[in-house]
Amino acid sequence: MSSLQPVRGTHDLLPEEMRAFRHVVETGRGVAARYGFAEMATPIFEFSGVFARTLGDTSDIVTKEMYTFADRKGESLTLRPEGTAGIARAFISNGLANDLPFKVFYAGPMFRYERPQKGRQRQFHQIGVELLGVSEPQADVEVIAAGRHIIDALGIKGNVTLEINTLGDTESREAYRGALVAFLSGRIAELSADSRERLERNPLRILDSKDEGDRAVIADAPLLGDFLNPASRAFYDDLKNGLMDIGLDFVENPRLVRGLDYYGHTAFEFTTDALGAQGTVMAGGRYDGLIKTMGGPATPGVGWAAGVERLSMLLAEAPAAERPVAMIPAGNDAVIRREATILTERLRRAGFCVDLAFSGNMGKRMKRANKVAAKVAVILGEDERLARAVTLRDLDSGEQTTVSLDRMEETLRGLFAGGGDAFGGI
RNA sequence: GCGAGUGUAGCUCAGUUGGUUAGAGCGCCAGUUUGUGGUACUGGAUGUCGUCGGUUCGAUUCCGAUCACUCGCCCCA
């Protein structure tokens, strides 16, 4: 094993893995486009304030997981830990509030200084959508439907469940927060050390604790549902009805909360039991206060992000690479080699994916053709050259025939189209 | 950040109760077949036994540290 290691929590994407990875991103991009989300990209680093202010200073991401550094001018920059803040910043920077709704899809690397585990890396990749400018719950329904559609289109292994909850509007949430803190303070002795700390910082998160003692206490805790004001309750009901109208199954999870401070109303997660502790595959919610908090015009928003690595690990089957044509010069004669290069380029210009065997005897070159899963071998030797022809061998059936050069592309297309009698009429 | 486990060939793993030349399967390379692949057969190469240090006559094996990964917590995608 080499001493040249990649940085902790980072990984190389070798071609085979990359195919699965790209399939996830391309499927996401394609499905999102059907829902009207146009792709955009923001820089992978921003001024640190973009994240520090928007994610909230109680979130773990801001308090201990950011890759922050000073550039040569002493400016504090941060590698983006998630995508929404950058999109929101771009939305404001570019004055996009005049053209609502604003619907975007994005894909790219994110960075968090965390302890790596399966499905949890320091550099990972997300795809995500954001829908800004619509305060009606139909927007939430559309965003969630796009997410479900992508997961279905990918053919994810195992069961992926949609869990939803409402955090209510600010008024409801503050009322609940007060009640919850009062309740938990009364039973603080029963709480885990982690949760005691969270009581001040982010009490809602205690609801999500995996500690058994905590869970016993939480079972008796007041429910957020009982603190929703009429508007918040109506919003949540509309969301649920909207999901049911289009046949999206969901499970209500009153303990589902969000780690980031900017969320309100809708919170949702798509989870699987196939990834151990990292079961969340896609998550999001509504963030009506975010744009204003960042200094932009008050604009509601809703969106989600999904982990590309997590999704690609769950891919039922990664798409196979395209089957090439193998160009096989017979022998090492300089004239044949030149001719092979010319024909290879000609086929590529004609749209074929061509693997040119550079060296070795014929057997070796054929083996290579087999290894790259070529569909057809184009054999070019002295006989063919003199006849201004090539021999085409179907590597699946073993049938081969010699065709004149001006029929090469046509015959190849026939073979790729799967026509059994592609050699017919030659 | 906390607790635990693992680290031997490109991959999956066996092994040495501390002893001189470290193994298998898969893969890779070559040959049987110098104008024909997949199957089969034959042969071959490859390791600072993660890294550094300690104990020892001697360490891949024992001890310590360190790095990486894995599992749980935390957090989240």
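Side chains are part of it too, since the values below use all heavy atoms of this structure and drop only hydrogens, waters and symmetry mates. In what follows, chains carry the letters A, B, and so on, assigned in the order in which the sequence lines appear, proteins first and then strands, with residues in each chain numbered from 1.
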Does [N] have OP1 or OP2 sitting under 4.0 Å from an N or O in the side chain of [X]?
{"X": "A:Lys118", "N": "B:C76", "value": "no"}
{"X": "A:Lys364", "N": "B:G37", "value": "no"}
{"X": "A:Gln117", "N": "B:C69", "value": "no"}

5′-ward residue of the pair A:Thr280/A:Arg368 relative to RNA chain B
A:Arg368
Residue mapping more 5' on RNA chain B - nearest nucleotide basis, A:Tyr113 or A:Thr10
A:Tyr113
A:His149: what forms a side-chain hydrogen bond (donor to acceptor under 3.5 Å, both in side chains) with it, not counting sequence neighbours?
A:Tyr35
Applying side-chain hydrogen bond (donor to acceptor under 3.5 Å, both in side chains) to A:Arg323 and not counting sequence neighbours gives A:Asp396
Taking any heavy-atom pair under 4.0 Å as a contact, classify [X]: base, sugar-phosphate, or nothing.
{"X": "A:Arg115", "value": "base"}
{"X": "A:Pro6", "value": "nothing"}
{"X": "A:Gly147", "value": "nothing"}
{"X": "A:Gly119", "value": "base"}
{"X": "A:Ala305", "value": "sugar-phosphate"}

Between the protein and nucleotides 34-36 of chain B, list every N/O to N/O distance that falls short of 3.5 Å.
residue: B:G35; atom: O6; partner: A:Glu382; partner atom: N; Å: 3.3
residue: B:G35; atom: O6; partner: A:Asp383; partner atom: N; Å: 3.1
residue: B:G35; atom: O6; partner: A:Asp383; partner atom: OD2; Å: 3.4
residue: B:G35; atom: O6; partner: A:Glu384; partner atom: OE1; Å: 3.3
residue: B:G35; atom: N1; partner: A:Glu384; partner atom: OE1; Å: 2.8
residue: B:G35; atom: N1; partner: A:Glu384; partner atom: OE2; Å: 3.2
residue: B:G35; atom: N2; partner: A:Glu384; partner atom: OE2; Å: 2.7
residue: B:U36; atom: O2; partner: A:Arg393; partner atom: NE; Å: 3.3
residue: B:U36; atom: O2; partner: A:Arg393; partner atom: NH1; Å: 3.2
residue: B:U36; atom: O2; partner: A:Gln400; partner atom: OE1; Å: 3.3
residue: B:U36; atom: N3; partner: A:Gln400; partner atom: OE1; Å: 3.0
residue: B:U36; atom: N3; partner: A:Gln400; partner atom: NE2; Å: 3.2
residue: B:U36; atom: O4; partner: A:Gln400; partner atom: NE2; Å: 2.9

Would you please indicate yes or no on a ring centroid separation below 6.0 angstrom for A:Phe227 and A:Tyr176?
yes
For atom C1', what is the distance between B:U34 and B:A68, given to the nearest Å?
48 Å
Suppose you measure atom P in B:A30 against the same atom in B:U17; what distance do you get, rounded to whole Å?
39 Å
Once the angle between the rings of A:Phe235 and A:His265 is folded into 0 to 90°, is it parallel (under 30°), tilted (30 to 60°) or perpendicular (over 60°)?
parallel
Is a side-chain N or O of A:Arg310 found less than 3.5 angstrom from the main chain of A:Met282, in a donor-acceptor match?
no
Give each stem of RNA chain B as a range with a range, requiring at least 3 consecutive Watson-Crick or G-U wobble pairs whose two distances are under 3.5 Å.
B:1-7 with B:67-73, B:10-13 with B:23-26, B:28-32 with B:40-44, B:50-54 with B:62-66
Whole angstroms only, please: what is the [atom1]-[atom2] distance between [X] and [N]?
{"X": "A:Glu399", "N": "B:G37", "atom1": "CD", "atom2": "C1'", "answer": "16 Å"}
{"X": "A:Asp12", "N": "B:G10", "atom1": "CG", "atom2": "P", "answer": "16 Å"}
{"X": "A:Arg112", "N": "B:C74", "atom1": "CZ", "atom2": "P", "answer": "17 Å"}

A:Ser93 and A:Arg89 side chains, donor-acceptor separation under 3.5 Å:
yes
Checking A:Asp333 against A:Arg385 for the salt bridge (charged side-chain N to carboxylate O under 4.0 Å, His left out) test, could you report, in this order, the C-alpha distance in whole Å, the side-chain angles of both residues, the deciding distance, and whether it holds?
CA-CA 12 Å; A:Asp333 178 70; A:Arg385 191 181 70 81; 5.4 Å; no
Do A:Arg120 side-chain and B:C74 base share a donor-acceptor contact under 3.5 Å?
yes
Side chain A:Asn370 and base B:G38 donor-acceptor under 3.5 Å:
no
Can you identify which nucleotide, out of B:A68, B:G38, B:A77, has its nearest atom closest to the A:Gln5 side chain?
B:A68
Ranking B:C69, B:C76, B:G37 by distance to the side chain of A:Arg8, first place goes to B:C69
Enumerate the residue pairs fulfilling ring pair (Phe, Tyr, Trp, His ring centres under 6.0 Å) with a member in residues 5-24 of chain A, sequence neighbours excluded, ordered by first and then second residue.
A:Phe21-A:His125
A:Ile87: what forms a side chain to side chain contact (heavy atoms under 4.5 Å, CB included) with it, not counting sequence neighbours?
A:Met40, A:Thr42, A:Phe102, A:Val104, A:Tyr106, A:Glu130
Among A:Gln121, A:Glu82, A:Arg122, whose side-chain contact (heavy atoms from CB on, under 4.5 Å) with A:Arg112 holds?
A:Glu82
